[in-house]
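Worksheet for the structure shown next.
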2 protein chains.
Amino acid sequence: MSRSPVDYLHGTLETLILKTLTRGPMHGYAVARWIEGATGETFPVEEGSLYPALYRMEKKGWVEAEWGVSELGRRAKLYRLTRAGRQQLARDTEAWQAFASAVTRVLARV
Amino acid sequence: MSRSPVDYLHGTLETLILKTLTRGPMHGYAVARWIEGATGETFPVEEGSLYPALYRMEKKGWVEAEWGVSELGRRAKLYRLTRAGRQQLARDTEAWQAFASAVTRVLARV
DNA sequence: CGTTGATACCTCGATTGTCTATATATAGAC
DNA sequence: GTCTATATATAGACAATCGAGGTATCAACG
């Protein structure tokens with residue numbers, strides 16, 4: 001669906017969230033910490049970006065939320081990947097690879 | 001200088017422009033067409049993004065502009081990379097590699 | 001016992017870059 | 001004469017991020 005750079009670019013956080021949730025249902029805070037860890041702190045996830053992103057994704061039907069309990073026994077909203085979300089992840093991943101490799105190729109050019 | 005995702009993301013066009021100008025002085029229109037060609041049309045460069053980007057970069061001292069003539073004999077504003085622009089490109093390239101490889105690595109994870 | 005820090009969610013306003021659309025102007029092709 | 005490509009410029013709308021603030025719970029520390 002995405003055609004312009006801004007779509008790849010601005011969508012990166014959403015794509016990483018989708019990817020994170022393939023590991024199983026998770027609450028927002030855990031998703032953020034996991035992304036940061038997995039990218040070696042290269043991709044900090046601010047809460048002011050995280051929660052709006054999760055709402056957008058819920059509205060688009062990519063994730064479903066349910067109140068539950070975190071690993072530490074706290075009240076937490078658990079997000080689960082939907083079928084549509086899984087399909088979106090496949091499309092996003094392909095689009096990202098094309099975009100990133102194109103940019104990388106140009107920058108690597110001598 | 002860039003620390004947050006939005007800096008890598010929004011800076012991509014500027015980085016590609018810097019890279020393009022290492023090939024020698026060029027006018028904006030040619031820069032746009034070159035980026036599109038070099039990325040295999042993966043990265044379309046709209047004029048509404050291009051010219052504002054060039055002005056930002058001129059203001060930041062990364063490029064210098066001078067009115068001249070295009071290859072086709074038309075009036076054109078020729079942009080030239082400055083020393084600061086070259087240094088910025090080096091930083092940007094490094095930052096991009098770190099960012100892109102981190103995202104790619106996470107998405108490739110099984 | 002009070003405070004700090006981590007966990008966990010939420011939201012507002014400002015910022016910023018891109019996009020679409022529009023405008024101008026020239027030159028060559030048909 | 002009109003269309004297409006070249007070439008620059010700008011205005012307004014849009015969208016995602018960021019920074020900063022707020023709420024609440026709980027464990028650890030002194």
Side-chain angles (χ1 to χ4, degrees), chain A residues 1-17 20 25-37 42-60 62-63 65-79 92 99 103, chain B residues 1-17 20 25-37 42-60 62-63 65-79 92 99 103:
Chain A
M1 231 80 341
S2 46
R3 286 306 184 95
S4 63
V6 81
D7 289 326
Y8 303 111
L9 301 179
H10 276 156
T12 307
L13 175 58
E14 295 187 9
T15 304
L16 287 176
I17 292 174
T20 306
M26 248 191 237
H27 59 276
Y29 191 81
V31 168
R33 297 294 84 78
W34 189 84
I35 291 176
E36 290 178 348
T42 300
F43 201 107
V45 180
E46 306 296 337
E47 301 185 359
S49 312
L50 172 70
Y51 294 110
L54 285 169
Y55 300 147
R56 288 196 301 272
M57 296 168 73
E58 200 178 354
K59 195 179 288 180
K60 286 185 278 195
W62 299 350
V63 298
E66 188 185 7
W67 282 102
V69 177
S70 75
E71 322 78 57
L72 296 175
R74 305 219 182 169
R75 159 189 162 279
K77 199 186 273 184
L78 300 175
Y79 287 92
D92 281 3
F99 169 73
V103 172
Chain B
M1 228 77 343
S2 48
R3 286 305 185 96
S4 62
V6 80
D7 289 327
Y8 303 111
L9 301 178
H10 276 156
T12 307
L13 175 58
E14 295 186 10
T15 304
L16 287 176
I17 292 174
T20 306
M26 245 189 242
H27 59 278
Y29 190 81
V31 167
R33 297 295 83 79
W34 189 84
I35 291 176
E36 289 177 348
T42 300
F43 201 108
V45 180
E46 306 296 337
E47 302 182 357
S49 311
L50 172 72
Y51 294 110
L54 285 169
Y55 300 147
R56 289 196 300 272
M57 296 167 73
E58 199 177 355
K59 196 179 289 180
K60 286 186 278 197
W62 298 351
V63 299
E66 189 186 7
W67 282 102
V69 178
S70 74
E71 321 78 57
L72 296 174
R74 302 216 184 174
R75 158 190 162 279
K77 200 187 272 185
L78 301 174
Y79 288 91
D92 280 2
F99 170 72
V103 172

Assuming nearest nucleotide by heavy-atom distance, tell me which of B:R74 and A:G48 is located more 5' along DNA chain C.
A:G48

Nearest-nucleotide pick for A:Y51, side chain only, options being D:dT8, C:dA8, D:dG19
C:dA8

Can you find a side chain N or O atom of B:Y55 that sits less than 4.0 Å from OP1 or OP2 on D:dA9?
yes

Hunt down the Watson-Crick or G-U wobble partner of C:dC30, both distances under 3.5 Å, from any strand shown, or write none.
D:dG1

Have a look at A:G28 and say if it touches a base, only the backbone sugar-phosphate, or nothing, with a 4.0 Å heavy-atom cut-off.
sugar-phosphate

Which of these, A:R75, A:R74, A:E71, sits in a side-chain contact (heavy atoms from CB on, under 4.5 Å) with A:H27?
A:E71

Walk me through it: do A:Y55 and A:K59 pass the test side-chain contact (heavy atoms from CB on, under 4.5 Å)?
CA-CA 6 Å; A:Y55 300 147; A:K59 195 179 288 180; over 6 Å; no

In this structure, CG of A:D92 is separated from CD1 of A:I17 (nearest 0.5 Å) by 11.5 Å

Assign each of A:R75 and A:S49 to its nearest nucleotide of DNA chain C by heavy atoms, then name whichever residue's nucleotide is nearer the 5' end.
A:R75

Here the distance between atom C1' of C:dT18 and atom CG of B:L54, to the nearest Å, is 14 Å

Separation of C:dT20 P from B:E46 CD (nearest whole Å):
5 Å

Please give, in whole Å, the distance from D:dT25 C1' to A:W67 CH2?
13 Å

Nearest of C:dG17, C:dT11, C:dC9 to any side-chain atom of B:R56?
C:dG17

What distance separates A:E46 CD from A:L13 CG, expressed to the nearest 0.5 Å?
10.5 Å

Grab the CE-C1' distance between B:M26 and D:dA7 for me, whole Å please.
15 Å

On DNA chain D, does the nearest nucleotide to B:Y79 precede the nearest nucleotide to B:L72 from the 5' side, or the other way round? Give the residue.
B:L72

Phosphate oxygens OP1/OP2 of D:dT6: is one of them under 4.0 Å from a side-chain N or O of B:S70?
no

Can you check whether B:F43 reaches B:L16 side chain to side chain, under 4.5 Å on heavy atoms?
yes

Given atom CD of A:E71 and atom P of C:dA6, what is their separation to the nearest angstrom?
17 Å

Would one find a side-chain N or O of A:Y29 under 4.0 angstrom from OP1 or OP2 of C:dC9?
no

Rounded to whole Å, CH2 of A:W34 lies from P of C:dA8 at a distance of 17 Å

Rounded distance in Å - CD (B:E47) to P (D:dA11)
16 Å

Please report the distance, rounded to the nearest Å, between CD in A:E36 and C1' in D:dC18.
14 Å

